[in-house]
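Residue numbers count from 1 along this sequence.
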Amino acid sequence: QVQLVESGGGSVQAGGSLRLSCAAFTYSNYYCMGWFRQAPGKEREGVAGIISDGSTSYADSVKGRFTISHDNAKNTLYLQMNSLKPEDTAMYYCAATYAIRWCLRLRVDEYNYWGQGTQVTVSS
């Protein structure tokens, strides 16, 4: 029902920045979208989320460094990542759900639609 395509990943040195993008297809006027990440051998975890009214949430590990935003005209979700650390290295996934009320809790099992992922590698 929803198609998501991530881009913008790459390799960067610690302290550097990247901006991830997620193009949305078959989009709704009411939504919650988020960024999740998963490193090899680790559980997928929520990074940041945003509801169509502009409300946002962030994992404690990225607060003050990452910013989530959405461009309504382009139907594109962004994640601006600054002051990157080696522990930020992971596959980053764009996700979406129509279950708006609790989506900012960033629980993996409450999101229904997922992109293919884009790799972020941060070297020390």
Q) Is there a path of hydrophobic side-chain contacts, each under 4.5 Å between heavy atoms of I, L, V, M, F, W or Y residues, that connects V122 with Y58? A) yes
Q) Which pairs, with at least one residue in residues 54-115 and sequence neighbours excluded, count as a disulfide bond (SG atoms under 2.5 Å apart)? A) C22-C94, C32-C103
**Q.** ILVMFWY network linking W35 to Y113, side-chain heavy atoms under 4.5 angstrom
**A.** yes
Q. So, are K85 and D88 salt-bridged, with charged N and O less than 4.0 Å apart?
A. no
Q: Please tell me if the side chains of H70 and N72 come closer than 4.5 Å, counting only heavy atoms from C-beta onward.
A: yes
Q: Using the test ring pair (Phe, Tyr, Trp, His ring centres under 6.0 Å), find all partners of F36 that sit at least two apart in sequence or belong to another chain.
A: Y111, W114
All N/O donor-acceptor pairs, side-chain side in residues 43-52, below 3.5 Å, sequence neighbours left out:
{"residue": "R44", "atom": "NE", "partner": "Q38", "partner atom": "OE1", "Å": "3.2"}
{"residue": "R44", "atom": "NH2", "partner": "Q38", "partner atom": "OE1", "Å": "3.2"}
{"residue": "E45", "atom": "OE2", "partner": "R37", "partner atom": "NE", "Å": "2.8"}
{"residue": "E45", "atom": "OE2", "partner": "R37", "partner atom": "NH2", "Å": "3.4"}

Q: Check for a donor-acceptor pair, side chain of Q116 on one end and backbone N or O of V5 on the other, with a separation under 3.5 Å.
A: no
Q.
If I take atom CD1 from residue I68 and atom OH from residue Y78, how far apart are they, to the nearest 0.5 angstrom?
A. 12.5 Å
**Q.** Qualifying disulfide bond (SG atoms under 2.5 Å apart) pairs with a residue from residues 41-91, counting only residues at least two apart or across chains
**A.** none
Q: State the CG-CD distance between L79 and E6, to the nearest 0.5 angstrom.
A: 11.0 Å
Can you give each donor-acceptor pair under 3.5 Å made by side-chain atoms of residues 9-18, sequence neighbours left out, with the distance rounded to 0.1 Å?
{"residue": "S17", "atom": "OG", "partner": "N82", "partner atom": "OD1", "Å": "2.9"}

Q.
Nearest 0.5 Å, please: how far is OG in S69 from CE in M33?
A. 11.0 Å
Q) Rounded to the nearest 0.5 Å, what separation is found between the CG atom of L104 and the OG atom of S55? A) 6.5 Å
Q: On the 0 to 90° scale, with breaks at 30° and 60°, tag the F66-Y92 ring pair as parallel, tilted or perpendicular.
A: tilted
Q: Check whether any side-chain heavy atom of L20 lies under 4.5 Å from a side-chain heavy atom of M81, and answer yes or no.
A: yes
(Q) On a heavy-atom basis, which atom in I100 and which in T97 lie closest, and how many Å separate them? (A) CD1-O, 4.1 Å
Q: Spell out, yes or no, whether V108 and Y31 are grouped together once hydrophobic residues are joined by side-chain heavy atoms under 4.5 Å, including indirect joins.
A: no
Q) In chain order, what residues pass the salt bridge (Lys or Arg N to Asp or Glu O under 4.0 Å) check against K42, with sequence neighbours excluded? A) none
Q: Calculate, to the nearest 0.5 Å, the distance between atoms OG1 and OH belonging to T118 and Y93 respectively.
A: 10.0 Å
Q.
Restricting to non-hydrogen atoms, name the atom on Q119 and the atom on T89 that form the minimum distance, rounded to 0.1 Å.
A. NE2-CG2, 4.1 Å
